[in-house]
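Structure, as structure tokens:
Every number for a ligand or one of its atoms is a count from 1 in the order of the listing. The first residue in the sequence is number 1, and the count goes up from there.
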Amino acid sequence: MLEIHGLTGGYDKKEIVRDVSFSLQKGRMLGILGPNGSGKSTLLKMISGILPLTAGDILIDNKPRTSYKQKELARKMAVLPQLHAHAFSHTVAETVALGRYPHQSGLFSQWSAEDEAATTEAMTQTGVAKYRDEELEYLSGGEQQRTFIAQALAQQAELLLLDEPTNHLDLEHQRQIMDMLKHEVATRQLTVVSIFHDMNLAALYCDELLLLENGRVRAYGAPAEVLTEDEIAQVYHTAVARFAHPQLATPQMALLPNIEIAQNRVTLEQFRVENEFVHLKATKPLRTLSAALHNPGFGWFRHFLNRTVDAQYMCDDAHAEMKNYIKNHHLPIEQTVAMMTAVDVKHAVIRRYKEEDHEIFVMVTAGVGNAVDAARGHLHAEPQRVGTINLWVIINGVLSDESFMQAMMTTIEAKVKAMQDGEIYDTQTGTIATGTSTDSVLIASTQSGQNYEYAGTITDIGKLIGRGVYETMIIALDDYKRAKGWIQ
Ligand SMILES: Nc1ncnc2c1ncn2[C@@H]1O[C@H](COP(=O)(O)OP(=O)(O)OP(=O)(O)O)[C@@H](O)[C@H]1O
């Protein structure tokens, strides 16, 4: 649909865009990114013909852009320029109607039913139909922006060139406009070239990204290729961390502010054993990876609950019930991680391990009534029961994602070893159990102090985790055995 070869140009003698090349197939969306002044708008103005080229070619549907007559080109390509504050003396409907000019012919061109349908549809798609008779100058920046997007859509061109279409738009309208454009791209083979400042939004919606730096192409490709931490840090002189979007296979970038991170430290006194739960109340949020019932996965939390429930606990919606429980105990739902166990919390074992500068805390409740050998779990045919090993490992230090996963592995390996040495059997298979059917694990770190790039058993912190989890597990298992009368 669009081919750009060696585009060079700018203003008078000032060369801004240098040797830019890319091509875009029909039905694709390209996002142009780059710092302020990198030449994004200049590039778009050159493609749309507002600015002349000093070198290079622009082909639209395999024909040079200059070979198109003005109206013919306007039927092919619609442009949304960067919105600047100035007075408009048109209503919304009149402004959108201007987008129909390439479809009208002759001196006394008639407003057709087709024109009416196109403008109405464009106003509906952008949510401005309700303001159709309002004067544009009295609308908000976002409403004006959506009116100009409607004007470009009403043009019914195959190629849209948009300069920051989501500028001025609130979250709902950003999503609405971008969803709508993506829908047009998918269903009507619309082709879109759009400038963005929000690289996360661009990554969510664009098939390809072009990163400009000083008027040159710095990176060009799929969002996963262009949005790398190094590239973005160098081009924007800003540290960023890349993370995965929870639903889509596209990268997102988190800004890493250059501010002092407050120190945070967990102490044994912050653990409380209440009537029905163990509660760790950290002074500041801890970065957490867990298989907890409430707020699992990665996150930042201040409150950690290991709650005892009746062994016969049955509930249709355990998530909602746990949420209510947290609320009824006046804890903040969004800052609390919670798991449950049938073990009475008075049997919880909480221990601190310190070796030189390395310090961790381990909390275990071990109920092994329904112990399972994971290698033979498929031989079990019983419904799930509560009765569980819940394990927390809290680390005073900074863990990388890799360390979090390794700490999780080390914790589970040490737990399995304790099951083996504690001779806990899977009663259904008669083999040594590796855990129970509803175990949960939580790793949390203060993200201040000692830095841990790795946490496997080769590292000091891994050794401490392995020993701490193993020893705490053995104590908890002995306690369980004593309570059951298996040992004295
Ligand atoms: N009309 C103009 N005459 C002369 N120079 C201009 C003109 N418009 C822009 N420039 C210069 O061209 C360079 C690139 O500007 P451009 O607007 O293309 O950048 P941009 O990447 O779109 O920036 P932003 O993110 O701030 O919108 C800037 O240095 C700017 O000063």
| field | Sidechain-backbone polar pair: Thr191 side chain, Leu159 backbone, donor-acceptor under 3.5 Å | value | no
| Side-chain (Thr126) to main-chain (Ala150) donor-acceptor, under 3.5 angstrom | no
| Option from Asp460, Leu399, Thr459 for which side-chain contact (heavy atoms from CB on, under 4.5 Å) with Tyr452 holds | Leu399
| Do Glu143 and Tyr131 have side-chain atoms, one donor and one acceptor, less than 3.5 Å apart? | yes
| request: Answer yes or no: is there an ion pair linking Arg242 with Glu229, defined by an N-O contact shorter than 4.0 Å? | output: no
| task | Scan side-chain atoms only and decide if Gln234 and Arg218 contain a donor-acceptor pair under the 3.5 Å cut-off. | result | yes
May I have a table of the N/O to N/O pairs between ligand 1 and the protein that fall below 3.5 Å, each row giving the two atom names and the distance to 0.1 Å?
| from | atom 1 | to | atom 2 | distance (Å) |
| --- | --- | --- | --- | --- |
| ligand 1 | 5 (N) | Lys14 | NZ | 3.3 |
| ligand 1 | 8 (N) | Tyr11 | OH | 3.2 |
| ligand 1 | 18 (O) | Ser41 | N | 3.4 |
| ligand 1 | 18 (O) | Thr42 | N | 2.9 |
| ligand 1 | 18 (O) | Thr42 | OG1 | 2.4 |
| ligand 1 | 19 (O) | Gly39 | N | 3.4 |
| ligand 1 | 21 (O) | Ser38 | N | 3.2 |
| ligand 1 | 21 (O) | Ser38 | OG | 3.4 |
| ligand 1 | 21 (O) | Gly39 | N | 3.0 |
| ligand 1 | 21 (O) | Lys40 | N | 2.9 |
| ligand 1 | 21 (O) | Lys40 | NZ | 2.8 |
| ligand 1 | 22 (O) | Ser41 | N | 2.9 |
| ligand 1 | 22 (O) | Ser41 | OG | 2.9 |
| ligand 1 | 23 (O) | Gly37 | N | 2.8 |
| ligand 1 | 25 (O) | Asn36 | ND2 | 2.9 |
| ligand 1 | 25 (O) | Lys40 | NZ | 2.7 |
| ligand 1 | 25 (O) | His197 | NE2 | 3.0 |
| ligand 1 | 26 (O) | Asn36 | ND2 | 3.1 |
| ligand 1 | 27 (O) | Gln82 | NE2 | 3.3 |

